[in-house]
Enquirer: 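Attaching a single structure in structure tokens format; questions to follow.
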Protein chains: 2
Amino acid sequence: MSEKKRTSRDKLLDVTFDEVYRYGYCGAATATILKKAGVPRGSMYHHFASKKALVMAMIEERLSPKVRAFFDVEIDEDLSAERMIDVTIKKIAKNSMLIKHGCPLHRLMFEMGALDDEIASACEKEFDYLVGRFEKVLLIGIAQGHIKEGDAKAMAEFFITSSWGILSRTPKSSSKEQFLKDMEFVMMALRA
Amino acid sequence: MSEKKRTSRDKLLDVTFDEVYRYGYCGAATATILKKAGVPRGSMYHHFASKKALVMAMIEERLSPKVRAFFDVEIDEDLSAERMIDVTIKKIAKNSMLIKHGCPLHRLMFEMGALDDEIASACEKEFDYLVGRFEKVLLIGIAQGHIKEGDAKAMAEFFITSSWGILSRTPKSSSKEQFLKDMEFVMMALRA
DNA sequence: TCTAAACTAGACCGACCAATCTACTACTAA
DNA sequence: TTAGTAGTAGATTGGTCGGTCTAGTTTAGA
């Protein structure tokens, strides 16, 4: 497997992530992706059967790792659950793209939810992963007595969906300070 | 001003609301809108200068009233603030379109936030209205002692954005029960 | 060195997009 | 009756969309 092969494919995936994040699935044009990646049409359709296939690969190889890197709680048994979540929140707050344009997974999931089952399912899979991770942390928190007793999975889903909503304001009206203030409310609902 | 004139314009606005709600601004095709409304192209461009102008009118004359009808808190000084909010939550929960496809204002605002300033501003105006209404109710709640002391505007923004996030799951994974459960967490953050 | 597969390259295709155009009809007021 | 306006009607336009096609180039193994 040559370096060039991977390079061309990788460029396509990188640019596709950016374009879909910015303009959505419908708004992202293959012609633009091709131009920005500096890759000819034939190469794209050699590597991917269709625009949809390109986006499905992008979800798995770009969006998923990025989202996990930012939204995932790093579990550290030595820390309190509250501290682990706090670190995650601060990490999100530091990423200005997330603050201004929201979570890319949320964007795609919300747009495609009713339009394409396969893309929606791929997004849901990521959502479920994040929920699972947060659930684990919340269970630790409940055991530690820092988090309210109750359905940890439901709490995790509340945490992620409400965070997504908080992050989904217009770039103009969103800010790091606003986000942190709102997340404080979210935590109030979960703390024991 | 004839009846027919209003009928044609109205049909266009009604169908535009549906199509934009379902497929987004980019995904909504004027050809489809025209076909579903049973209105010829010329009529549409007689009433509206462009697709964007059509959507701007739709926001003001359809989306805004609908969103206010569902998301707005009806202020009733005889009730407790908590009860007023509870009525609003129950009203949202009863609307299956909102539960399955999320808030149409949120959809458009999230899609267009970075793509068109005028549409984004029109949406923000509605957001600000809703925030203002909730703020008023929360201030009543604070006075009554049912709601936590604090920045009522920030609380109102938290309430709306987190509700939007909670409502923005895929149609497959969203349900009335899930929504009510999640809104209970939101209220936990606000109750005194 | 030869061959097959992997990959690049971009011209090209029909479908569809928003928007324009000209012609026509219905209504209204002078 | 007539002139002007509001609205209907849909064919047409230029541009963009995702996707196909054929040809050329590079790479890896026999």
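Since we're looking at a predicted model, the values are computed, not measured. We name chains A, B, ... by the order of the sequence lines, and we start the count at 1 in each one.
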Enquirer: If you count the non-hydrogen atoms of other residues, nucleotides and ligands that lie under 6.0 Å from NZ in A:Lys94, is the total more than 12?
Expert: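 Incorrect, the count does not exceed 12.
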Enquirer: Between A:Arg83 and A:Asp86, does any NZ, NE, NH1 or NH2 come within less than 4.0 Å of an OD or OE carboxylate oxygen?
Expert: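 Looking at A:Arg83 together with A:Asp86, the answer is yes, because their closest N to O distance falls below 4.0 Å.
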Enquirer: Nearest whole angstrom, please: distance from the P of C:dC17 to the OH of B:Tyr23.
Expert: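 Result: 12 Å.
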Enquirer: Which residues in residues 110-120 of chain B have a heavy atom closer than 4.0 Å to any atom of DNA chain C?
Expert: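 Of all residues in residues 110-120 of chain B, none places a heavy atom under 4.0 Å from DNA chain C.
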Enquirer: On DNA chain D, does the nearest nucleotide to A:Gly42 precede the nearest nucleotide to B:His46 from the 5' side, or the other way round? Give the residue.
Expert: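 Per heavy-atom nearest nucleotide, the more 5' residue is B:His46.
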Enquirer: In whole Å, what is the span from the NZ atom of B:Lys11 to the C1' atom of D:dA9?
Expert: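 In whole Å, D:dA9 C1' and B:Lys11 NZ are 13 Å from each other.
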Enquirer: Would you kindly give the CG-to-P distance between A:Leu34 and D:dT20, to the nearest whole Å?
Expert: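 For the pair A:Leu34 CG and D:dT20 P, the rounded distance is 14 Å.
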Enquirer: Indicate yes or no: does A:Glu124 engage B:Arg169 in a salt bridge with an N to O separation below 4.0 Å.
Expert: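 Salt bridge: no.
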Enquirer: Taking the basic N atoms (NZ, or NE/NH1/NH2) and the acidic carboxylate oxygens, is any pair closer than 4.0 Å for B:Glu111 and A:Arg107?
Expert: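 The answer is no: the pair does not qualify as a salt bridge.
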Enquirer: Tell me the interatomic distance from A:Met44, atom CE, to C:dA9, atom P, rounded to whole angstroms.
Expert: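 These atoms are roughly 16 Å apart.
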Enquirer: Any ion pair linking B:Glu61 and B:Arg9 (charged N to carboxylate O, less than 4.0 Å)?
Expert: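 Looking at B:Glu61 together with B:Arg9, the answer is yes, because their closest N to O distance falls below 4.0 Å.
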Enquirer: Please determine if A:Lys153 forms a cation-pi arrangement with A:Phe134, meaning its NZ or CZ atom is less than 6.0 Å from the six-membered ring centre and no more than 45° off the ring axis.
Expert: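 So A:Lys153 doesn't make the cation-pi contact.
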Enquirer: Under the side-chain hydrogen bond (donor to acceptor under 3.5 Å, both in side chains) rule, collect the residues that match up with B:His101, sequence neighbours excluded.
Expert: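 For B:His101, no residue satisfies side-chain hydrogen bond (donor to acceptor under 3.5 Å, both in side chains) once neighbours in sequence are set aside.
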Enquirer: Using a heavy-atom distance cut-off of less than 4.0 Å, which residues of residues 52-60 of chain A contact DNA chain D?
Expert: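 Correct list: empty, so none.
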Enquirer: Polar atoms only, N or O, under 3.5 Å: list the protein pairs with nucleotides 16-18 of chain D and their distances.
Expert:
from	atom 1	to	atom 2	distance (Å)
D:dG18	OP1	A:Ala28	O	3.2
D:dG18	OP1	A:Thr30	N	3.4
D:dG18	OP1	A:Lys51	NZ	3.1
D:dG18	OP2	A:Thr30	N	2.8
D:dG18	OP2	A:Thr30	OG1	2.6
D:dG18	N7	A:Arg41	NH2	3.2

Enquirer: Using whole Å, report how far CZ of A:Phe48 lies from P of C:dT8.
Expert: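 Distance check: A:Phe48 CZ to C:dT8 P gives 11 Å.
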Enquirer: When you measure from the side-chain N and O atoms of B:His47 to the phosphate of D:dT8, is any distance below 4.0 Å, counting only OP1 and OP2?
Expert: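 Looking at the OP1 and OP2 atoms of D:dT8, one of them is under 4.0 Å from a side-chain N or O of B:His47.
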Enquirer: Could you pull out all donor-acceptor pairs under 3.5 Å where a side-chain atom in residues 178-191 of chain B meets a protein atom, sequence neighbours excluded?
Expert:
from	atom 1	to	atom 2	distance (Å)
B:Gln178	NE2	A:Glu157	OE1	3.2
B:Gln178	NE2	B:Asp182	OD1	3.4
B:Gln178	NE2	B:Asp182	OD2	3.1
B:Glu184	OE2	B:Arg191	NH2	2.3
B:Arg191	NH1	B:Glu82	OE2	2.7

Enquirer: Applying side-chain hydrogen bond (donor to acceptor under 3.5 Å, both in side chains), can you list everything that pairs with B:Tyr23, at least two apart in sequence or on another chain?
Expert: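 side-chain hydrogen bond (donor to acceptor under 3.5 Å, both in side chains) check on B:Tyr23 returns nothing, list empty.
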Enquirer: Output the rounded distance in Å from NZ (A:Lys35) to C1' (C:dG10).
Expert: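 Rounding to the nearest Å, NZ of A:Lys35 and C1' of C:dG10 are 15 Å apart.
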Enquirer: Over all heavy atoms of both residues, which pair between A:Phe17 and A:Lys66 is shortest? Give the atoms and the distance, please.
Expert: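 Heavy atoms only, the tightest pair is CZ-CD, 3.5 Å.
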Enquirer: Is any NZ, NE, NH1 or NH2 atom of the basic residue among A:Asp10 and A:Arg62 found under 4.0 Å from an Asp or Glu carboxylate oxygen of the other?
Expert: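 Counted as a salt bridge, because a side-chain N and a carboxylate O are separated by less than 4.0 Å.
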